[in-house]
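Chain letters run A, B, ... following the sequence lines, proteins first, then strands; residues in each count from 1. The analysis underlying the following values was restricted to heavy atoms, covering all of them including side chains, and did not include hydrogens, waters or symmetry mates.
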Protein chains: 2
Amino acid sequence: MTKIKQNTLFVGTLAKGLRILRAFDETHTDLSLTELSAITGLDKSAVQRLAHTLHLEGMLDKDPTTRRYSPSHGWLRLAYAYYWSDPLIARAMPKLIDLSQRLGETVNLAQLSGQKIIYTNRLPGTRTTFAATLPGRTVPALCTSAGQAILATFPPQERAAAIETWPLERYTPQTTMDRATIAEEIDRAAQIGHSISHDQLILNEVGIACAIRGPDGRAWSAVHCSVSSHHWNDDRIRAEILPWLHDTANAIPPSHERTSAPHHIGLKA
Amino acid sequence: MTKIKQNTLFVGTLAKGLRILRAFDETHTDLSLTELSAITGLDKSAVQRLAHTLHLEGMLDKDPTTRRYSPSHGWLRLAYAYYWSDPLIARAMPKLIDLSQRLGETVNLAQLSGQKIIYTNRLPGTRTTFAATLPGRTVPALCTSAGQAILATFPPQERAAAIETWPLERYTPQTTMDRATIAEEIDRAAQIGHSISHDQLILNEVGIACAIRGPDGRAWSAVHCSVSSHHWNDDRIRAEILPWLHDTANAIPPSHERTSAPHHIGLKA
DNA sequence: GCCAAGTTATCATATAGTAATAACTTAAAT
DNA sequence: ATTTAAGTTATTACTATATGATAACTTGGC
């Protein structure tokens with residue numbers, strides 16, 4: 001067994017249990033003991049005991065016939081507790097609903113989470129992909145209009161560091177993988193106060209984002225709108241979406257308490 | 001320290017860690033070490049080590065000035081993994097979106113989770129309460145139209161047992177606390193194929209639910225719609241909502257694999 | 001019907017979590 | 001300002017608890 005940390009305050013058993021939970025994702029929707037063992041790198045016995053415990057505690061479902069484990073409703077209950085804990089959600093939600101009704105298009109609340117964007121709340125319109133309807137999805141911040149709109153509010157040197165080092169991932173043939181281009185996009189976003197991206201995560205998808213700025217001008221979150229380029233050209237977007245998007249973002253008072261970066265230790269990548 | 005279980009496969013440390021996670025809810029959005037200790041019943045030292053570990057692993061945020069812990073984005077990432085693992089979600093989501101656009105009102109996907117209903121996906125319209133916009137919320141099954149619509153598909157003796165023993169909770173002065181009345185409601189739902197409830201969770205809220213039946217006729221989930229009684233009388237609901245609601249529920253093929261009850265051990269209450 | 005792969009159960013051992021205590025920090029009170 | 005209390009971090013000796021190897025038992029594939 002690989003020692004994880006030589007700290008007396010660190011409870012390795014708990015960390016191992018969390019590894020089991022995190023073994024599940026888009027492609028691993030249900031796992032057997034041996035698969036869990038392979039993915040987590042934990043030995044069979046440990047996985048057996050930990051998975052069994054998680055099952056008893058209601059944090060893993062177990063198919064009685066296939067003996068395969070899968071995420072339980074308990075995972076959604078945790079999400080529910082999260083929503084109450086984040087003061088931004090309650091402030092933003094009503095305005096987001098208004099916006100989605102007005103536009104009739106997909107509207108999201110996006111937050112910076114480490115070096116990624118997490119869509120915390122989603123109000124999907126028609127013509128969206130499945131993944132785009134699910135809260136909790138994360139994508140590299142640099143790849144998204146929301147991430148760019150947020151980074152545009154950062155002081156120059158932090159912005160530069162992020163553009164240089166934060167991860168990129170290719171989702172479509174058109175995904176921008178060139179950091180210089182991304183730097184330009186973010187510069188432009190800083191000028192005009194919003195960011196528009198094309199074909200980054202899905203082909204023919206246009207992402208439009210406007211940062212939610214704090215009193216210091218800095219943002220950790222953004223209002224995001226996603227439309228199809230088949231139905232919306234740039235002129236129409238400028239005329240019929242941007243004004244409302246700006247209004248919405250400006251109408252949401254950010255979590256004023258937070259003056260420094262959120263500390264998402266362990267949520268690297 | 002209270003012994004939790006005398007099973008060699010049970011990892012008490014992990015269970016304690018989960019207790020910490022579950023200490024957070026609507027009213028406990030951020031907690032100090034001492035508060036965590038009080039709520040979980042774990043001693044100070046244990047809470048210190050477990051919370052510290054969860055923080056390092058990215059499953060708890062910690063405010064550096066107040067030293068208070070709160071749920072992290074990691075909780076939403078788990079929810080995201082859950083959504084992929086439940087095959088019903090992908091089948092239902094597109095139809096729910098269509099329905100919400102057509103009705104212009106709040107639409108939910110509700111599932112039976114132990115003796116409660118959990119709203120797994122929500123497409124809120126205007127005029128909803130904050131809690132009603134959040135996925136992962138649970139309420140006693142007997143209190144909701146969705147729960148009643150689902151129970152109406154159960155065989156008589158199981159239905160009766162549920163009506164007798166499952167929990168009730170008062171949310172409004174009008175919340176039905178009489179089990180005989182609930183039995184009648186469920187009987188009616190079995191006749192007409194849907195359930196309508198008034199003022200159960202919020203005053204002036206009408207809940208309308210239609211079960212998603214499996215090949216055996218039994219349901220574990222429901223499509224749910226919530227409207228304001230100020231804007232919708234029973235006639236209009238019957239004419240303008242019910243037909244679409246039925247169509248939607250019937251158009252969603254349920255998770256055919258599952259033939260017996262989901263086994264949500266530990267999610268009692 | 002057999003074999004391979006995977007899952008459950010058992011158990012001696014020492015590692016790894018425990019709980020008590022002490023050192024330190026912050027906020028409140030006088 | 002100074003003191004006090006409450007709460008948080010750090011340390012340590014101890015032993016309860018998780019470990020991992022192995023064995024018994026299922027299940028499904030051929």
For this session: Measure distances between side-chain N and O atoms of B:S45 and base N and O atoms of C:dA20, and say whether any donor-acceptor pair falls under 3.5 Å.
Result: yes
Exercise. How would you list, by chain and number, every residue that makes a salt bridge (charged side-chain N to carboxylate O under 4.0 Å, His left out) with A:E35, sequence neighbours excluded?
Worked result: A:R68
Problem set entry | side chain to side chain contact (heavy atoms under 4.5 Å, CB included) between A:L168 and A:C143, intermediate numbers included | CA-CA 6 Å; A:L168 295 172; A:C143 296; 4.2 Å; yes
Exercise. Which word best sums up how the rings of B:Y119 and B:H224 line up, parallel for under 30°, tilted for 30 to 60°, or perpendicular for over 60°?
Worked result: tilted
Exercise. Hey, what bend do you get for the helix from C:dC2-D:dG29 to C:dA14-D:dT17 if you fit axes on five pairs at each end, rounded to 10°?
Worked result: 10°
Exercise. Can you find a heavy atom in the side chain of A:Y69 that is under 4.5 Å from one in the side chain of A:L60?
Worked result: yes
Exercise. What integer distance in Å separates A:H52:NE2 from D:dT17:P?
Worked result: 17 Å
Exercise. Does A:T128 reach the main-chain N or O of A:P124 with its side chain, forming a donor-acceptor pair under 3.5 Å?
Worked result: no
For this session: With the side chain counted from C-beta on, respond yes when B:H73 and B:D61 share a heavy-atom pair under 4.5 Å apart, and no when they do not.
Result: no
Can you check nucleotides 12-15 of chain D for protein contacts, nitrogen or oxygen pairs under 3.5 Å, and list what you find?
none

For this session: Please state whether the phosphate of D:dA18, meaning OP1 or OP2, lies under 4.0 angstrom from any side-chain nitrogen or oxygen of A:K16.
Result: no
For this session: Tell me, please, which residues at least two apart from A:E158 pass salt bridge (charged side-chain N to carboxylate O under 4.0 Å, His left out).
Result: A:R218
For this session: Could you give me the CA-CA distance, side-chain angles and deciding distance for A:I117 and A:T138, then say whether side chain to side chain contact (heavy atoms under 4.5 Å, CB included) is met?
Result: CA-CA 5 Å; A:I117 285 293; A:T138 58; over 6 Å; no
Exercise. Taking side chain as C-beta onward, heavy atoms only, is A:H28 less than 4.5 Å from A:I39?
Worked result: yes
Problem set entry | Interatomic distance where CG belongs to A:L14 and P belongs to C:dT15 [whole Å] | 21 Å
Exercise. To the nearest Å, how far apart are A:L36 CG and C:dG6 C1'?
Worked result: 13 Å
Exercise. Taking only N and O in the side chain of A:T13, is any of them less than 4.0 Å away from OP1 or OP2 of C:dG17?
Worked result: yes
Problem set entry | B:R159: partners by salt bridge (charged side-chain N to carboxylate O under 4.0 Å, His left out), with sequence neighbours left out | B:D187
Exercise. Once you round it to whole Å, what is the distance between C1' of C:dC11 and CZ of B:F10?
Worked result: 20 Å
Got a list of protein N/O to nucleotides 6-9 of chain D N/O distances below 3.5 Å?
residue: D:dT8; atom: OP2; partner: B:T34; partner atom: N; Å: 3.2
residue: D:dT8; atom: OP2; partner: B:T34; partner atom: OG1; Å: 3.2
residue: D:dT9; atom: OP1; partner: B:K62; partner atom: NZ; Å: 2.9

Problem set entry | Gap between atoms CZ and P, on B:R49 and C:dT15 respectively (whole Å) | 18 Å
Exercise. Salt-bridged, B:R22 to A:E57, with N to O below 4.0 Å?
Worked result: yes
Seminar exercise, completed: Taken to the nearest whole Å, CG/A:D30 to P/C:dG6 is 15 Å
